[in-house]
Amino acid sequence: MVNITLPDGQVIQLAKGSTVQNVAEHIGPGLAKAALAGRINGRHVDLSFQLHEDTPVQLVTSRDADGLELMRHSCAHVMAEAICSLWPEARLVYGPTVQDGFYYDIDLDEPIRPTDFEQIEARMAEIVKADVPFSRHELTRDQAIEKLKDDKYKLDNVLRADGDVISFYSQGDGFEDLCRGPHVPSTGKIGAFKVMSVAGAYWHGDATEKMLQRVYGTTWASKKELNHYLHCLEEAKKRDHRVLGKQLDLFSFSDMGPGFAFMHPKGMIIWNSIVDFWRSVHDRFGYDEIKTPIILNEALWHRSGHWENYKENMYFTTVDEVTYAIKPMNCPGGCLAYKTRQHSYKEFPLRVAELGLVHRHEASGVMHGLFRVRQFTQDDAHIFCTPRQIEDEIVGVIDLTFELYRAFGFEDIHIELSTKPEKHIGSDEIWETATESLKKALNTRHIDFQINEGDGAFYGPKIDFHIKDCLGRSWQLGTIQLDFSMPERFGLTYTDEDNTDKTPVMIHRAVLGSFERFIGIIIEHFAGSMPVWMSPEQVRVLPISEKTSDYANQVVGQLKAQGVRVQCDLSNEKIGAKIAKAHADKLPCMLVVGPQEAESGHVNVRVRGEKANKTIDFREFSGILGKAIIDKSTNIAL
RNA sequence: GCCGACGUAGCUCAAUGGUAGAGCACAGCUUUCGUAAAGCUGAGGUUGAGGGUUCAAGUCCCUCCGUCGGCUCCA
């Protein structure tokens, strides 16, 4: 007999060699049916796994996150079988699960097209309906290598696998695939699935290797959950900043300049609102602001090291037989500005911000709305300080960063610290101190962080800030990088207390990262419904008919005098149509006015997203609106 | 840059190789209206660009440009 400890502490006794499935059956018929796999000390095992010694066992069902993952993994095998039966020459490479689904990389010269998905799904449905068991058999490493010697991809997988036991899974009798497992007990246990897309992917993610076809699919425990997922995808599409940017007339792109955004008047209001706020915070944190040229002599970029390391991404131009570079970064210009006069330790730390417009020639396939462009504005700053000031300065940047993020409602902030890479400059000692000061600064603020060993820039360690938006997607925004190279290369100096010239430490930092990208992120985060303070149009006055035009204009005039961005809808439309239009434009607030309101000096307020409306005195409304703007409220609360 | 798909009116989309259409938006007129889209009329196009096949190309073929989904890269 073996003693099986269940998660609730209960111990059951079963015959030696009983399977995990037997455990489920012992607990109850419902669980026996729902069980997909077992978990022993954190390791997943098949239901057919035999228990030979006392052990804790947990059962996994489709209601567990990892149960769903197993189901997806098994579904990947089913899709692989379907594809192999439709294209016998297809060679399987690698088929893992990913967020919300799975993919399978396939080497097949004939392209799989979206129109083929239906056929693949139909074949998959047959396999699932047949409800054939997944069965595991094991070989030793050597046996597996011998078996797979003619299969370049699977052989590679075996060579990369850990352990001496290599397992294979087959479903039914025809299809077999190298796989660590475990799997759901049979194909019938796979829930609702859908083939989603196909795209190219390099083998091993290496651009010099062959391009494979990566077929993406998704699996859910039920049809209902699958539909919910597909619905969510539709919803996410509606808040896509590229869609909203067009719909709300915020920005555009032209064939005449791929990757170069055109910001429209409404987009510029959002932009300038952020800049105003950004300036006020930087002013409070003791920053100066400069602006350096966009085009500078090529020689500067040789000195900075960009020529060697970044030339492929830079734009160049020649005027009067002199070659210039369009700046991809602001730091060299910042160094030139620093060098225009002497500096003393007494003026340190010197915090110099720059909303710098940079150009980077990104590969054509990577552009993506405002998220990835070829021209963007960095909210950059360079802090020149002494080594002893590093820690305090980092703490200051962290505080400033959190303050800015929180103003936009980003509370879920994740931080990563990247340390010395193999290819680096500067002594180990200085790397050690620098990394320690970054760590200490984070600890001072009691901030948890993840360490990415060896991921730092070649010139210094860095901290990256990632935020999560309302859909739970993660975005890297800010970065703080210590630099020991640039001040040296540019011969930057300051006079220290002992009257000797020393090289300052340079801290590069960006908080929002790129204005373009940040605006894209907040558009998606707020689904286009911008908080009142940065809403392009804060209030729209909607007169019931022309009879109330005068009063409406009077209300508009008073709000304008108060500095509110307000418009009046004098179109020849019924009030319902005006309201619908204002909703479509995602106005934070609309004021319906008719003879009744005109008579009493009231306004009927409708707040974005709410069906209810309320008639209040205009002065009262004006106060509420003013407070919502100052407080940076997402919506107006009556 | 690589793989695949796509590109029709301002926007969203139709059109077995056979006369390019609809809805919304826009303009004019009617209506002057009380809370999520009134009615009529009108204007709007070298179907991304350039070649080719064909009696005939939005549709088939080639090249280029751009967009989308990924890969690689990255703010």
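Order of the sequence lines fixes the chain letters, A, B, ..., with proteins taken first and strands second; residue numbering starts at 1 for each chain.
- Comparing atom distances between the Ser364(A) side chain and each of G1(B), A5(B), U35(B) picks out G1(B) as nearest.
- Listed by residue number, the members of residues 200-208 of chain A with any heavy atom below 4.0 angstrom from RNA chain B are Gly200(A), Ala201(A), Tyr202(A), Gly205(A).
- Judged by distance alone with a 3.5 Å cut-off, no donor-acceptor contact links the side chain of Gln247(A) to the base of A25(B).
- The partner of G58(B) cannot be assigned: no Watson-Crick or G-U wobble pair with both contacts below 3.5 Å exists in any strand.
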Exercise for review: With side chain to side chain contact (heavy atoms under 4.5 Å, CB included) as the test, would you mind laying out the steps for Met534(A) and Ile522(A) before giving the verdict?
Suggested key: CA-CA 11 Å; Met534(A) 50 181 168; Ile522(A) 57 173; 3.8 Å; yes

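- Residue Lys578(A) has no polar side-chain atom (N or O) positioned under 4.0 Å from OP1 or OP2 of G34(B).
- Remark: Lys574(A) is not in phosphate contact with A37(B), judged by side-chain N or O atoms under 4.0 Å from OP1 or OP2.
- Here the side chain of Ser197(A) is nearest to one of G69(B), G34(B), U72(B), namely G69(B).
- Within residues 226-241 of chain A, no residue has any heavy atom closer than 4.0 Å to RNA chain B.
- Nucleotides U59(B) and C24(B) are separated by 26 Å at their C1' atoms, to the nearest Å.
- Phe410(A) and His525(A) have tilted rings, their planes meeting at an angle from 30° to 60° on a 0 to 90° scale.
- Nucleotides C68(B) and C26(B) place their C1' atoms 29 Å apart, quoted to the nearest Å.
- Residue-level contact check: Val373(A) touches the bases, meaning some heavy atom is under 4.0 Å from a base atom.
- Between His361(A) and Tyr315(A), the two ring planes are perpendicular [angle over 60°; tilted spans 30° to 60°].
- Residue contacts for Gly365(A): at a heavy-atom cut-off of 4.0 Å it reaches a base atom on one of the strands shown.
- For G52(B) and U12(B), the P atoms lie 32 Å apart once the distance is rounded to whole Å.
- In this structure, the CZ atom of Arg360(A) is 11 Å from the P atom of C74(B), given to the nearest Å.
- Ion pairing between Lys210(A) and Asp109(A) holds under the 4.0 Å rule for side-chain N and carboxylate O.
- The side chain of Lys547(A) places an N or O atom within less than 4.0 Å of a non-bridging phosphate oxygen (OP1 or OP2) of C33(B).
- With distances taken from any side-chain atom of Ala580(A) to the nucleotides U35(B), A37(B), G66(B), the minimum falls on A37(B).
- Within 4.0 Å of Ala363(A), counting heavy atoms only, lies at least one base atom of the nucleic acid.
- With distances taken from any side-chain atom of Glu362(A) to the nucleotides A36(B), G4(B), C74(B), the minimum falls on C74(B).
- Under the salt bridge (charged side-chain N to carboxylate O under 4.0 Å, His left out) criterion, Arg540(A) pairs with Glu537(A), Asp585(A), not counting sequence neighbours.
- Within 4.0 Å of Tyr216(A), counting heavy atoms only, lie sugar-phosphate atoms of the nucleic acid but no base atom.
- The C1' atoms of A14(B) and G21(B) are separated by 7 Å, rounded to the nearest whole Å.
- Of the listed nucleotides (A36(B), G34(B), G1(B)), A36(B) has the atom at the smallest distance from the side chain of Arg606(A).
- Ion pairing between a basic and an acidic side chain is recognised when a charged N comes within 4.0 Å of a carboxylate O; Glu516(A) and Arg360(A) show no such pairing.
- No hydrogens or angles were tested; on distance alone, nothing pairs the side chain of Arg517(A) with the base of C74(B) as donor and acceptor under 3.5 Å.
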Can you give each donor-acceptor pair under 3.5 Å made by side-chain atoms of residues 195-206 of chain A, sequence neighbours left out, with the distance rounded to 0.1 Å?
from	atom 1	to	atom 2	distance (Å)
His204(A)	ND1	Arg160(A)	NH2	3.3
His204(A)	NE2	Asp156(A)	OD2	2.8
His204(A)	NE2	Arg160(A)	NH2	3.3
Asp206(A)	OD1	Thr208(A)	N	2.9
Asp206(A)	OD1	Thr208(A)	OG1	2.8
Asp206(A)	OD2	Thr208(A)	OG1	3.3

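- With C71(B), C74(B), G34(B) as the candidates, the nucleotide lying closest to the side chain of Ile544(A) is G34(B).
- Residue contacts for Gln213(A): at a heavy-atom cut-off of 4.0 Å it reaches no nucleic acid atom on any strand shown.
- Other residues, nucleotides and ligands place more than 12 heavy atoms under 6.0 Å from the CD atom of Glu110(A).
- Rounded to whole Å, the separation between the P atoms of C62(B) and G44(B) comes to 36 Å.
- In this structure, the ring pair (Phe, Tyr, Trp, His ring centres under 6.0 Å) partners of His382(A), at least two apart in sequence or on a different chain, are His508(A).
- Comparing the same atom, P, in C60(B) and in U47(B) gives a spacing of 16 Å after rounding to whole Å.
- Stacking of Phe376(A) onto the six-membered ring of A75(B) is present: less than 5.5 angstrom between centres, less than 30° between planes.
- Side-chain N or O atoms of Asp379(A) include one that pairs as donor or acceptor with a backbone N or O of Gly513(A) at under 3.5 Å.
- Atom C1' of U46(B) sits at a distance of 32 Å from the matching atom of C40(B), rounded to the whole Å.
- His241(A) and His368(A) have tilted rings, their planes meeting at an angle from 30° to 60° on a 0 to 90° scale.
- For the pair Leu212(A) CG and U72(B) C1', the interatomic distance rounds to 13 Å; values are reported in whole Å.
- Taking atom NZ of Lys246(A) as the reference point, atom C1' of C13(B) lies 13 Å away to the nearest angstrom.
- Within the structure, a side-chain polar atom (N or O) of His368(A) is placed less than 4.0 Å from OP1 or OP2 of G69(B).
- Within the 4.0 angstrom heavy-atom criterion, no nucleotide atom of any strand lies near Asn313(A).
- Applying the 6.0 Å contact sphere to CD of Glu599(A) captures no more than 12 heavy atoms from other residues, nucleotides or ligands.
- Taking the P atom of each, A43(B) and C2(B) are spaced 46 Å apart, rounded to whole Å.
- Among the heavy atoms of the strands lying under 4.0 Å from Ile579(A) is at least one base atom, whether or not backbone atoms are also near.
- Among the atoms of the strands shown, only primed sugar atoms or phosphate atoms (P, OP1, OP2) are found under 4.0 Å from some heavy atom of Arg214(A).
- Between Phe408(A) and Phe518(A), the ring planes lie perpendicular to each other; the angle is over 60°, past the 30° to 60° tilted range.
- Near-neighbour residues of RNA chain B inside residues 593-600 of chain A, defined by a heavy atom below 4.0 Å, number-ordered: Gly594(A), Pro595(A), Gln596(A), Glu597(A).
- Taking 4.0 angstrom as the limit, Arg242(A) places a side-chain polar atom (N or O) nearer than this to OP1 or OP2 of G69(B).
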